Amino acid sequence: MTKVRTRFPPSPTGYLHIGSARTALFNYLFARQNGGEFVLRIEDTDRERSTEEAVQVIMDSMEWMGLDYDEGPIFQTQRFDRYREVVNQLLDAGHAYRCYCTPEELTAMRETAMAKKEKPRYNGYWRDRSDTPPEGIDPVIRFKNPTSGAVVIEDAVKGPITVENSELDDLVILRSDGTPTYNLCVVVDDMDMEITHVIRGDDHVNNTPRQINIFNALGAKLPVFAHLPMILGEDGKRMSKRHGAVSVMQYAEDGYLRDALLNHLVRLGWSHGDQEVFSQDEMIKLFSLDNVNKSGAVFDVKKLDWLNQQYLQSASAETLAEGLSEHLIKAGVDTTGGPEVAVVADLLRDRAKTLAEMAKGAMPFYQAPAEYDEKAVKKQFSADAGTRLQAVHDNLAKLDEFTPEAIDACLQSTVTELDVGFGKVGLPLRVAVTGNTASPALDQTLSIMGREAVLQRLVAAVQYCQSL
Ligand code: GLU
């Protein structure tokens with residue numbers, strides 16, 4: 001049996017779009033499931049729009065998502081000789097021809113067709129002409145598309161799609177400057193790289209009949225085509241920046257775990273019953289082109305947030321600590337000398353939607369509050385609160401051990417001693433150590449922060465209260 005080979009061929013013209021990431025994932029899963037190979041190809045023939053930074057972004061995104069490829073990156077710009085060789089082969093075999101039409105002639109052709117209410121297309125003027133070519137014109141090379149019959153795409157997702165050859169014109173495969181065009185390069189690559197399955201967005205479905213005709217002219221075996229439904233925003237329109245982040249690395253920066261993003265992506269257009277959470281192994285085992293939907297898939301940010309929370313809750317301590325550390329470093333927080341990041345992460349994992357949010361919650365464990373939240377100060381800080389905080393300080397200072405249990409007992413007895421409700425102590429205490437009123441359980445928070453940091457912050461808060 002032929003080995004399954006899939007490919008992911010992004011064009012390096014900006015960030016890696018979330019839709020492309022889904023395409024990459026499906027190709028990766030399909031290859032892995034079938035013990036096949038997954039090829040990364042960089043389609044950089046558009047030299048004006050392709051940049052090295054964008055290539056790097058693709059590589060970084062693939063690495064972050066953990067989508068390992070078996071071959072590549074293969075750059076199309078390094079294969080120009082091969083494309084020209086195939087163009088010559090097509091010329092020699094009579095499947096292609098030189099076209100000397102000037103831009104003015106092409107415009108006139110389009111206008112005539114439009115006046116006749118026909119599709120604006122090339123009319124095949126140079127297709128079978130043996131005239132002496134005009135002087136001073138560098139010709140383009142066009143593919144001789146069959147003029148009759150139809151192409152049937154046996155699409156693994158959409159089912160058979162029939163396109164009449166009369167709908168297609170003779171497309172340019174080599175520009176007059178000698179550079180090959182997209183449809184030619186893709187076919188040559190897919191043929192040379194022995195790609196068995198072309199899984200891509202359905203924005204390419206119009207190219208497929210043209211590509212099939214070129215495959216046939218080259219006598220190459222056709223791959224299976226599978227066109228994936230578009231990714232839509234919540235308003236049903238094509239997913240764009242208006243709907244939220246569209247770049248993969250933005251999700252990394254915003255603190256989503258890669259497993260959550262992959263899980264979200266796999267569900268965009270694919271389902272397995274009503275299961276929502278999939279480990280990578282499950283994805284590889286269960287993925288199937290048969291269960292890819294034909295219609296658009298909605299990117300629901302709330303669902304991604306929910307998934308991210310699930311993964312934050314179930315992630316291993318190391319994964320969490322690693323992710324949190326990165327986000328703390330980015331936020332300029334130095335964790336040396338502070339509590340172990342894994343311990344802080346574990347405390348915060350139930351409360352945060354993203355690692356970025358978790359990093360915010362983690363800051364007080366490494367830095368005294370630079371300022372107190374204004375509203376919290378108004379409600380909780382006063383000269384009287386200063387006296388209560390002083391009592392807390394003195395009692396905490398006397399503890400033998402700074403465990404959550406000891407802290408809890410100490411706070412309870414301080415409340416009794418002061419003859420106030422718990423809130424009168426707990427709330428200003430929270431503000432004193434974290435700067436605001438939201439934090440996980442106080443006993444654990446204080447214990448992890450450590451006695452020295454807590455006492456220092458209490459001294460500062462008492463002073464602040466006295467100055468009011
Ligand atoms: N380079 C094309 C793109 O980024 C992909 C073409 C293909 O999958 O055949 O849309």
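All values reported here derive from a predicted model rather than from experimental measurement. The chain is numbered in sequence order, starting from 1. Atom set for the values below is all heavy atoms of this structure, side chains included, hydrogens, waters and symmetry mates excluded. In each ligand, atom 1 is the first atom listed, and ligand 1 is the first ligand listed.
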Flag for Asp170-Asn145: side-chain donor and acceptor within less than 3.5 Å | no

Looking only at protein heavy atoms, what sits closest to atom 1 (N) of ligand 1 is Glu43 OE1, 2.5 Å

Is there a donor-acceptor contact under 3.5 Å linking the side chains of Tyr182 and His204?
-> yes

Do we see a donor-acceptor contact under 3.5 Å between the side chains of Ser439 and Arg430?
-> yes

So, Asn183 and Thr181: side-chain donor and acceptor under 3.5 Å apart, yes or no?
-> no

Report the nearest protein non-hydrogen atom to atom 10 (O) of ligand 1: residue, atom name, distance rounded to 0.1 Å.
-> His204 NE2, 2.9 Å

Can a non-hydrogen atom of Tyr182 be found less than 4.0 Å from any atom of ligand 1?
-> yes

With a cut-off of 4.0 Å, which atoms of ligand 1 are near a heavy atom of Arg200?
-> 7 (C), 8 (O), 9 (O)

May I ask you to identify the nearest protein heavy atom to atom 5 (C) of ligand 1, giving residue, atom name and distance to one decimal place in Å?
-> Pro9 O, 3.4 Å

With Asp190, the side chain to side chain donor-acceptor pair (under 3.5 Å) member among Gln211, Arg41, Arg5 = Arg41

Please confirm whether Arg7 comes under 4.0 Å of ligand 1, counting heavy atoms of the residue only.
-> yes

